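Some notes on the structure that comes next.
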Protein chains: 2
Amino acid sequence: MTSALISAAKSNREPFPVPEGTLQGLSIDNLIFGLHGSELKVLLIKHGEGIREGEWALPGGWIKQNEDLREAASRLLRDLTGISHPYLEQLKAFGKVDRYPAERVVTITYYALISADQYPLVAGFSASDASWVSAFDTPALVFDHKEILTYGIQLLQHQVRHKPIGFNLLPEKFTLLQLQELYEAILNIKLDKPNFRRKFMKMNLLTPCNEKQKGVAHRAANLYRFDKDNYSNLTEQGFSFEV
Amino acid sequence: MTSALISAAKSNREPFPVPEGTLQGLSIDNLIFGLHGSELKVLLIKHGEGIREGEWALPGGWIKQNEDLREAASRLLRDLTGISHPYLEQLKAFGKVDRYPAERVVTITYYALISADQYPLVAGFSASDASWVSAFDTPALVFDHKEILTYGIQLLQHQVRHKPIGFNLLPEKFTLLQLQELYEAILNIKLDKPNFRRKFMKMNLLTPCNEKQKGVAHRAANLYRFDKDNYSNLTEQGFSFEV
DNA sequence: CAGCTTGTGGTCAAAACGACAATAAGGCTA
DNA sequence: TAGCCTTATTGTCGTTTTGACCACAAGCTG
């Protein structure tokens, strides 16, 4: 990332001036989730200049005249993390009259799920610019960003039980225990290992890699990958994912 | 509804001029669902003047400077139907660059569920202005409204299975068969009567009214109402609604 | 009254769930 | 190398839920 981009991203949440060639009164904010160890984290930006210096915010920015909403969210995510094809879905538009200082700004929020191996470190940004924070225990956030986060977590908790999106938080190859810990982290629950395993295996959504975990000080687990194609087949037949 | 309001609503989807005192480049569109008999319907507006004359569209309008997004959606719904406290949730923001002619307009869509007894007839509008159309079989719609409808139906089908929102489509007091037919209509499936009944009763979400159906040419069924308070209690205890 | 339609309760086998015991497979350490 | 420790994986079993279907009840209609 060029330093111009970094500087743009750093100041992208500052009230004014809004860059030329972008839509007025409309912004994008991204809720970027990651799973670190077995903790659900969210990527926050610390404002480096201006009035909001030192405060934490969701990464966001403005929408260009000639780009779709999703494109804008995707571009902002890419500029920040370098990730080009994330799992990215619209969360909600937030538009309370006074949510943003000085001017009426409606923000359209997206949430992204990225896996730790796609984005092991905060590249381009120093640790003081951006950092992963426990999603359930963040510092105070600017504007209505806390409300956005709370809403996003609730949606994530709901979605993860009803759609197979959790895989996006894992590396391509993963063990069943990793998958289980993902659910435990997001939903704040404890699950029974043998039962969880059977339930998932019966869905026929996991393809064994015929490979084992490496570098662990105990019996190595089998690695699996999410079988997207079979998921498409199954959903066409009326299959519904539920955990 | 005054004729001024009617006229405003009639022309509210015409490209320009946009009324003074509203946000630029941002509109609201409402997806209003109703259950008529046992068919899922959606409320559409036929454009009465201008270029789009005769074409069907979702009812919508512009957002005032001093009103929240939800307020705007709620006001537009109220002006159209007279209903003040509908079930109303944000659907999604649609913002493709060319979705709207001549100018970039992002629209934030809401979906409402209203019961036939709240809105038995199209009041204020003549039948040629607004009408209930089968949600699964509509005429062609302007702009990207068909896409919005498709997305809305999918969300409704998902939500209705995972949250007790279906009740909003029924009158306050309803029979179990009405409830079952609601699910059959929205999900396009057939359900077993005794099993459906037991499943629902076990959830403890229905309070018997100790009243029976009237005016039917067969054995009268018991009437129930949705127990919102108990639903709150149960969800706090980790209860999750699934049909 | 017989006949029709819908409501409501019962049954039963199959499947799913949940708790927990038992065994397998590795690496580690003495 | 022999145990020890940790995690993976399989098995078992009683309970609950599901789904298909039968039977009877209740009320209106002719």
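It should be emphasised that the depicted structure is a prediction, and the values quoted were computed from it without experimental measurement. Below, chains carry the letters A, B, ... as their sequence lines are ordered, and counting in each starts from 1.
- Salt-bridge annotation for K96(A) and D68(B): absent, with no side-chain N of the basic residue lying under 4.0 Å from a carboxylate O of the acidic one.
- A salt bridge links K173(A) with E211(A): the closest approach of a Lys/Arg side-chain nitrogen to an acidic carboxylate oxygen falls below 4.0 angstrom.
- At the heavy-atom level, K214(B) lies nowhere under 4.0 Å from the strands shown.
- Protein atom CG of D192(B) is 13 Å distant from nucleotide atom C1' of dT11(C), rounded to whole Å.
- Of the candidates dA19(C), dC28(C), dT6(D), the closest approach to any side-chain atom of A217(A) belongs to dC28(C).
- For R219(B) and dA26(D), a side-chain-to-base donor-acceptor distance below 3.5 Å is absent, hydrogens and geometry of angles not being considered.
- Between the CZ atom of R197(A) and the P atom of dG11(D) there is a distance of 11 Å, given to the nearest Å.
- Checking H218(A) against N195(A), the closest nucleotide of DNA chain C that is more toward the 5' end is the one next to N195(A).
- Ranking dA21(C), dA8(D), dT17(D) by closeness to the K202(B) side chain, first place goes to dT17(D).
- If you check dT6(D), dT10(D), dT6(C) against the side chain of L177(B), the one that comes closest is dT6(C).
- For the pair N222(A) and dA8(D), the criterion of a side-chain N or O lying under 4.0 Å from OP1 or OP2 is not met.
- In this model, the phosphate group of dA16(C) is not approached by any side-chain N or O of K199(A) to a distance below 4.0 Å at OP1 or OP2.
- Using a cutoff of 4.0 Å between basic side-chain nitrogens and carboxylate oxygens, E184(A) and K190(A) are scored as salt-bridged.
- A side-chain donor-acceptor contact under 3.5 Å links D29(A) and T107(A).
- As a whole-Å value, the separation of K212(A) NZ from dA24(C) C1' is 10 Å.
- Distance, F200(B) CZ to dT17(D) P: 16 Å, rounded to whole Å.
- For a distance-only test at 3.5 Å, the side chain of R198(B) fails to qualify as a donor-acceptor partner of the base of dG19(D).
- If you take CE of M201(A) and C1' of dA15(C), they are 19 Å apart, rounded to a whole angstrom.
- In this structure the side chain of L80(B) reaches within 4.5 angstrom of the side chain of P59(B), judged on heavy atoms.
- When the C1' atom of dA25(C) is taken as reference, atom CD of E211(A) falls 18 Å away, rounded to whole Å.
- dA15(C) atom P lies 18 Å from atom CE of M203(A), rounded to whole Å.
- Side-chain N/O atoms of K193(B) include none lying less than 4.0 angstrom from OP1 or OP2 on dT6(C).
- Between the CD atom of E242(B) and the C1' atom of dT17(D) there is a distance of 13 Å, rounded to whole Å.
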